[in-house]
J.: 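Here's a structure for you.
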Amino acid sequence: MNGTKRYPIRGLFAGLLGGLGVAVLLVLNSVVTMGTNTPYIIIAVFVILGVLWAMFGPVRQRKGDPTPATAGGPSSGAGPMPDAKAPATGKGPMPD
């Protein structure tokens, strides 16, 4: 996989927590009963989705990575660089 590091265990725990949350909400709101297998199926589906998202989802840029960002900011070509001599709008005295 092109040198990116993936974290499937984090996805497993995220899916487990998400599945537990949804299952508890459904049981407490009497949508499903605890005696059925539905809460366990919901948890299993969320765990599978969490692992799949961790393995195949988009990768974020690391905090200390010196490569330029892909969206936003002046380095991406989003717009012209601000003029260093002109004051920011609404700040400081007007230039002569």
Side-chain angles (χ1 to χ4, degrees):
M1 291 188 126
N2 68 3
T4 58
K5 190 169 182 177
R6 304 294 181 148
Y7 298 98
I9 302 299
R10 288 184 187 178
L12 181 131
F13 285 121
L16 182 66
L17 286 175
L20 280 171
V22 170
V24 166
L25 273 172
L26 292 176
V27 169
L28 289 178
N29 289 322
S30 300
V31 176
V32 295
T33 59
M34 193 59 195
T36 63
N37 287 332
T38 308
Y40 305 114
I41 293 171
I42 292 171
I43 294 170
V45 167
F46 271 76
V47 166
I48 292 168
L49 288 175
V51 171
L52 287 175
W53 184 259
M55 292 302 295
F56 302 111
V59 179
R60 290 186 294 173
Q61 184 179 4
R62 291 184 177 208
K63 290 182 181 177
D65 197 5
T67 57
T70 57
S75 63
S76 67
M81 293 290 290
D83 188 11
K85 295 179 183 176
T89 307
K91 297 186 183 200
M94 295 295 291
D96 292 330

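In what follows, every heavy atom counts, from backbone to side chain, and hydrogens, waters and symmetry copies are set aside. Index from 1, following the sequence. Nothing here was measured: the structure is a model prediction, and the numbers come from that model.
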J.: Under 4.5 Å between side-chain heavy atoms, counting indirect links through other Ile/Leu/Val/Met/Phe/Trp/Tyr residues: same cluster for Leu25 and Val31 or not?
T.: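 No: no chain of side-chain contacts under 4.5 Å links Leu25 to Val31.
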J.: Just to verify, what does Leu52 make a side-chain contact (heavy atoms from CB on, under 4.5 Å) with, not counting sequence neighbours?
T.: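 Per chain and number, Leu52 pairs via side-chain contact (heavy atoms from CB on, under 4.5 Å) with Ile48, Phe56.
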J.: Do you know which two heavy atoms are closest between Ile43 and Ala23, and how far apart they sit?
T.: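 What the structure gives for the nearest pair is CG1-CB, 4.1 Å.
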J.: Considering non-hydrogen atoms only, spot the tightest contact between Ala54 and Pro8 and give its length.
T.: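 In terms of heavy atoms, the two residues are closest at CB-CA, 3.9 Å.
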J.: Rounded to the nearest 0.5 Å, how far does CE of Met34 lie from CG of Leu28?
T.: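 Going from CG on Leu28 over to CE on Met34, the span is 10.0 Å.
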J.: Got more than 12 heavy atoms from elsewhere within 6.0 Å of OH, Tyr7?
T.: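 Enclosed.
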J.: Any idea which heavy atoms bring Pro39 and Val32 closest together, and the distance?
T.: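 Looks like CG-CG2, 4.2 Å.
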J.: Any idea which heavy atoms bring Gly57 and Arg6 closest together, and the distance?
T.: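 Here Gly57 and Arg6 meet closest at O-NH1, 2.7 Å.
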J.: Provide the closest heavy-atom pair for Trp53 versus Pro58 in the form atom of the first, atom of the second, distance.
T.: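 Taking Trp53 first and Pro58 second, the nearest heavy atoms are CZ2-CD, 3.5 Å.
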J.: Transitively linked via ILVMFWY side-chain contacts under 4.5 Å: Leu17 with Val47?
T.: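 Looking at the clustering, Val47 is in a separate group from Leu17.
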J.: Quick check for you: to the nearest 0.5 Å, what is the distance between Leu26 atom CG and Thr38 atom OG1?
T.: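 One gets 9.0 Å once the value is rounded to the nearest 0.5 Å.
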J.: Given the rule that I, L, V, M, F, W and Y join up when any side-chain heavy atoms are under 4.5 Å apart, are Leu49 and Leu20 in one cluster?
T.: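 Looking at the clustering, Leu20 is in a separate group from Leu49.
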